[in-house]
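What you see is a predicted model; the values in this text were computed from it and never measured.
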Amino acid sequence: FSKAIGNTKKFAINNNAELIFIYLPDRYEKNEGRFYYKNVIKILNKNNIKIIDLSKDDFYKKSKNYSKYGGHFNSKGYEQLALKINDYFN
């Protein structure tokens, strides 16, 4: 992951673009996910990459935002996700 982030950052710099990482946790994130979260955030901070950290919001935990089957958002969930990302830029 660290190497991929480094390469992506170099690509962004070479193309005069800004890299922003959106961290969207799994709906069922538990202990293992928190372990990865800490490492991901550490790597992003080390590389001075901006982060939209949606783990601090509970919208992703609400079952009404998911399809009946599986862990993917439904249209309401994607709408909520878009609004959260939009809030970051406004």
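- Atom NZ of residue Lys42 and atom OG of residue Ser2 lie 10.0 Å apart, to the nearest 0.5 angstrom.
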Query raised in the report: Taking it one step at a time, do Val40 and Phe1 satisfy side-chain contact (heavy atoms from CB on, under 4.5 Å)?
Result: CA-CA 8 Å; Val40 166; Phe1 179 75; 4.0 Å; yes
All N/O donor-acceptor pairs, side-chain side in residues 43-50, below 3.5 Å, sequence neighbours left out:
from: Asn45; atom 1: ND2; to: Ile41; atom 2: O; distance (Å): 3.3
from: Asn47; atom 1: ND2; to: Ile43; atom 2: O; distance (Å): 2.8
from: Lys50; atom 1: NZ; to: Glu18; atom 2: OE2; distance (Å): 2.7

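- In the hydrophobic clustering of this structure, Ile20 does not group with Phe11; members are Ile, Leu, Val, Met, Phe, Trp, Tyr whose side-chain heavy atoms approach within less than 4.5 Å, directly or through other members.
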For residues 82-90, dump all side-chain donor-acceptor pairs below 3.5 Å to protein atoms at least two apart in sequence or in another chain.
from: Lys84; atom 1: NZ; to: Asp57; atom 2: OD2; distance (Å): 2.7
from: Asn86; atom 1: OD1; to: Asn90; atom 2: ND2; distance (Å): 3.1
from: Asn90; atom 1: ND2; to: Asn86; atom 2: O; distance (Å): 3.2

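- Asn65 places none of its side-chain heavy atoms less than 4.5 Å from the side chain of Leu81.
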Query raised in the report: side-chain contact (heavy atoms from CB on, under 4.5 Å) between Phe21 and Ile5: does it pass, once the steps are laid out?
Result: CA-CA 10 Å; Phe21 188 92; Ile5 288 297; 4.3 Å; yes
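- A donor-acceptor contact shorter than 3.5 Å links the side chain of Asp53 to the backbone of Ser55.
- Taken together through direct or relayed side-chain contacts under 4.5 Å among Ile, Leu, Val, Met, Phe, Trp and Tyr, Ile22 and Phe73 form part of one hydrophobic cluster.
- Hydrophobic cluster membership is shared by Ile52 and Tyr78, with clusters built from Ile, Leu, Val, Met, Phe, Trp and Tyr side chains linked at under 4.5 angstrom.
- Distance OG/Ser75 to CD/Gln80: 10.5 Å, rounded to 0.5 Å.
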